[in-house]
Amino acid sequence: MENKKAFYITTAIAYASGKPHIGNVYDPVAADAVARFKRSQGYDVFFCTGTDEHGQKIENKATAAGVTPQQFVDGVAGQIKDIWDMLGISYDHFIRTTDSYHISAVQKIFERLLAQGDIYKDKYEGWYCEPCESFFTDTQAESGVCLDCGRPLRREHEEAYFFKMSKYQDRLMKYIDENPDFIIPDSRRKEMVNNFLKPGLQDLCVSRSSFTWGIPVLSDPKHVTYVWLDALTNYITALGFDGEQGGEKYAKYWPADVHIIGKDIIRFHMIYWPIFLMALGEPLPKKIFAHPWMLSGMDKMSKSRGNVVYPDDLIRHFGLDGVRYYLLSEMPFASDGTITYENVILRYNNDLANTLGNLVARTLSMTKKYFGGVIPSPEGTTEFDEDLKATAKAAYDGYVNNMEEYHLSDALDAVFSLARRANKYIDETAPWALAKDEEKRPVLATVIYNLLECIRILGVLLTSAIPTSAEKILASLGVNDQTLESAKEYGKLAVGGEVGESFVLFARIDSQKKLAEIEAENAAK
RNA sequence: CGCGGAGUAGAGCAGUCCGGUAGCUCGUCGGGCUCAUAACCCGGAGGUCAUGUGGUUCAAAUCCCAUCUCCGCAACCA
């Protein structure tokens with residue numbers, strides 16, 4: 001048997017402090033599309049996602065809710081997992097930083113780094129809010145008051161462990177120079193290099209003693225491991241790295257092919273994470289894709305602005321694939337995307353209902369009407385065939401090339417260009433006119449065959465973005481092969497097979513009615 | 001002068017690396033078709049490609065320079 005090439009892809013783990021909004025969900029959806037794409041290419045994909053469950057904020061929220069931190073994160077992690085499932089995220093492993101294997105691995109890692117002198121004890125100084133028990137940095141504390149409660153801050157310090165970042169700085173610089181594609185988009189790399197690496201790295205605080213909800217430091221239990229050493233290591237502990245070594249899975253999948261993250265946590269992935277790995281003597285990830293944010297209207301989504309859009313609400317209104325399609329098609333590669341209900345409806349109606357769904361419906365309907373639902377043998381030709389085939393080829397190439405570069409919306413657009421071309425082909429060839437002339441029957445057969453074949457290719461190319469609908473399309477054609485390879489070659493659809501009845505893939509949405517419905521719902525909240 | 005990115009039709013974007021008819025989607029106006037989900041197809045209008053009567057060139061959205069505007073980053077909230 002062939003030995004399939006491994007592909008390890010991760011999302012950032014979601015902070016389990018509350019229910020994720022639509023902006024938080026681009027990360028897993030984008031990663032899922034890539035994971036499905038790589039699977040369709042025949043890779044042995046391991047797709048990991050999960051939750052980050054420690055820290056002061058969670059401890060405070062749990063206290064406020066009158067539950068233990070563990071109870072609190074159990075609830076939120078469940079919620080996050082439910083939403084991931086609702087979105088069809090095809091993860092292979094869901095890691096929680098409260099999982100016991102993760103905890104013990106992090107503890108071992110901490111001790112190792114301490115023993116080899118990369119971690120040392122010092123004082124952490126910052127602006128402290130007594131009631132909230134929280135530290136703030138100079139930039140955060142500019143106003144002089146606590147960001148949570150608004151009370152005045154005072155200068156405070158506590159004992160803490162630090163990681164010697166400077167020790168690895170040159171090695172990291174060299175790695176980044178030698179691997180310019182390590183982080184995409186490129187502008188992000190420059191930001192990090194110029195703002196952090198060139199001026200010289202400061203050491204990173206890796207423990208805290210002002211709160212307790214974290215992974216205890218074995219040799220000094222009044223300290224808990226502080227965020228990044230805990231959170232980032234999930235990428236290897238999820239594969240079974242126990243702090244000393246990994247098992248079979250680790251050997252197979254590490255280093256990661258890509259970490260999909262939001263642009264807000266680039267620094268941690270491009271600087272701290274590689275340095276931790278260097279200190280552990282483990283290989284560095286191959287690529288980091290830092291995607292932009294999905295904004296609500298023109299603003300960042302936040303509860304105080306009252307513009308938060310939740311994925312489960314969206315799914316209820318627009319379906320799973322409607323939401324996935326919107327996120328993937330509307331987010332540019334390097335600049336922020338926006339989401340409004342109006343735009344979701346526009347994209348849904350224009351692309352999914354009118355262009356794609358209607359194409360499928362009219363093609364199946366004609367197959368039924370003119371050929372009794374049997375895939376006809378293409379025995380004639382029209383002057384439009386070659387252009388249609390060329391478009392199918394271009395759609396395939398455009399899809400694959402853009403997906404490889406993580407240009408997800410461009411990849412989708414390339415696919416839809418085939419759907420648009422196929423709709424045009426119907427008008428050009430006017431099958432209803434051909435059907436009136438018995439002599440034209442071979443030509444009619446060709447037209448219908450070509451349309452069905454285009455739909456098949458569309459079905460295959462859409463499995464990564466809108467898997468449920470893609471499957472419906474392929475099922476209606478009686479096609480099982482979803483490999484990318486099967487869409488590369490035109491004409492693979494077998495003649496003589498039976499196709500299903502015409503159906504509505506995406507029902508058109510009445511914009512006015514839907515918006516009113518949503519407004520009423522939000523008012524009732 | 002902190003660093004980086006961006007400014008292209010009413011909106012959202014591609015094209016810029018490798019100079020040579022300004023392109024896509026949506027919207028809008030007009031027409032066509034009837035297989036189809038009031039869907040689909042065609043055509044029109046709409047852009048001095050931020051500014052500079054800048055530079056290089058036979059030729060600049062594309063390369064160089066200056067200016068203006070917007071956005072991101074500038075160290076431990078994830």
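Just so you know, these numbers come straight off a predicted model, no measurement behind them. Chain naming here is simple, since letters A, B, ... match the order of the sequence lines and numbering starts at 1 in each.
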When all nucleic acid strands are considered with a 4.0 Å heavy-atom cut-off, which category describes [X]: base, sugar-phosphate, or nothing?
X: A:K198; answer: nothing
X: A:L201; answer: base
X: A:G262; answer: nothing
X: A:N60; answer: nothing
X: A:L505; answer: base
X: A:R420; answer: sugar-phosphate
X: A:V193; answer: nothing
X: A:F506; answer: base
X: A:N358; answer: base
X: A:D427; answer: base

Inset, instruction - Would you mind checking if A:K514 and A:D510 are paired as a salt bridge, meaning a charged N to carboxylate O distance below 4.0 Å? - result: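 So A:D510 does not pair with A:K514 through a salt bridge.
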
Do the side-chain N or O atoms of [X] get closer than 4.0 angstrom to the phosphate oxygens (OP1, OP2) of [N]?
X: A:N354; N: B:C40; result: yes
X: A:S365; N: B:C35; result: no
X: A:R188; N: B:G72; result: no
X: A:R267; N: B:A74; result: yes
X: A:K190; N: B:G5; result: yes
X: A:Y272; N: B:A78; result: no
X: A:K424; N: B:C40; result: no

Inset, instruction - Measure the spacing between CG of A:L328 and CZ of A:R347 and express it to the nearest 0.5 Å. - result: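 Those atoms lie 10.5 Å apart.
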
Legend entry - Interatomic spacing from CG in A:L462 to OG1 in A:T468 - rounded to 0.5 Å: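 The distance works out to 11.5 Å.
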
Legend entry - Pairwise 5' ranking along RNA chain B for A:R208 and A:S187, keeping only the more 5' one: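 The residue whose closest nucleotide sits nearer the 5' end is A:S187.
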
Legend entry - Centroid-centroid under 6.0 Å between A:Y325 and A:F416 rings: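 They qualify: ring centres under 6.0 Å apart.
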
Legend entry - Atom C1', compared across B:A59 and B:A22: separation rounded to whole Å: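 After rounding to an integer number of Å, I get 16 Å for this pair.
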
Inset, instruction - For B:C49 versus B:U21, give the span between their C1' atoms, rounded off to a whole number of Å. - result: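 The answer is 15 Å between these two C1' atoms.
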
Legend entry - No-H, no-angle donor-acceptor pair, A:N195 side chain to B:G4 base, under 3.5 Å: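 It does not, because no donor-acceptor pair links the side chain of A:N195 to the base of B:G4 below 3.5 Å.
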
Inset, instruction - Sort out for me which residue in A:Y168, A:F268, A:W228, A:Y235 forms a ring-ring contact (aromatic ring centres under 6.0 Å, His included) with A:W273. - result: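 Testing A:W273 for a ring-ring contact (aromatic ring centres under 6.0 Å, His included) against A:Y168, A:F268, A:W228, A:Y235 leaves exactly one candidate, A:Y235.
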
Inset, instruction - Can you establish whether the number of heavy atoms outside A:K440 located under 6.0 Å from its atom NZ is more than 12? - result: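 No - once you tally the heavy atoms of other residues, nucleotides and ligands closer than 6.0 Å, there are 12 at most.
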
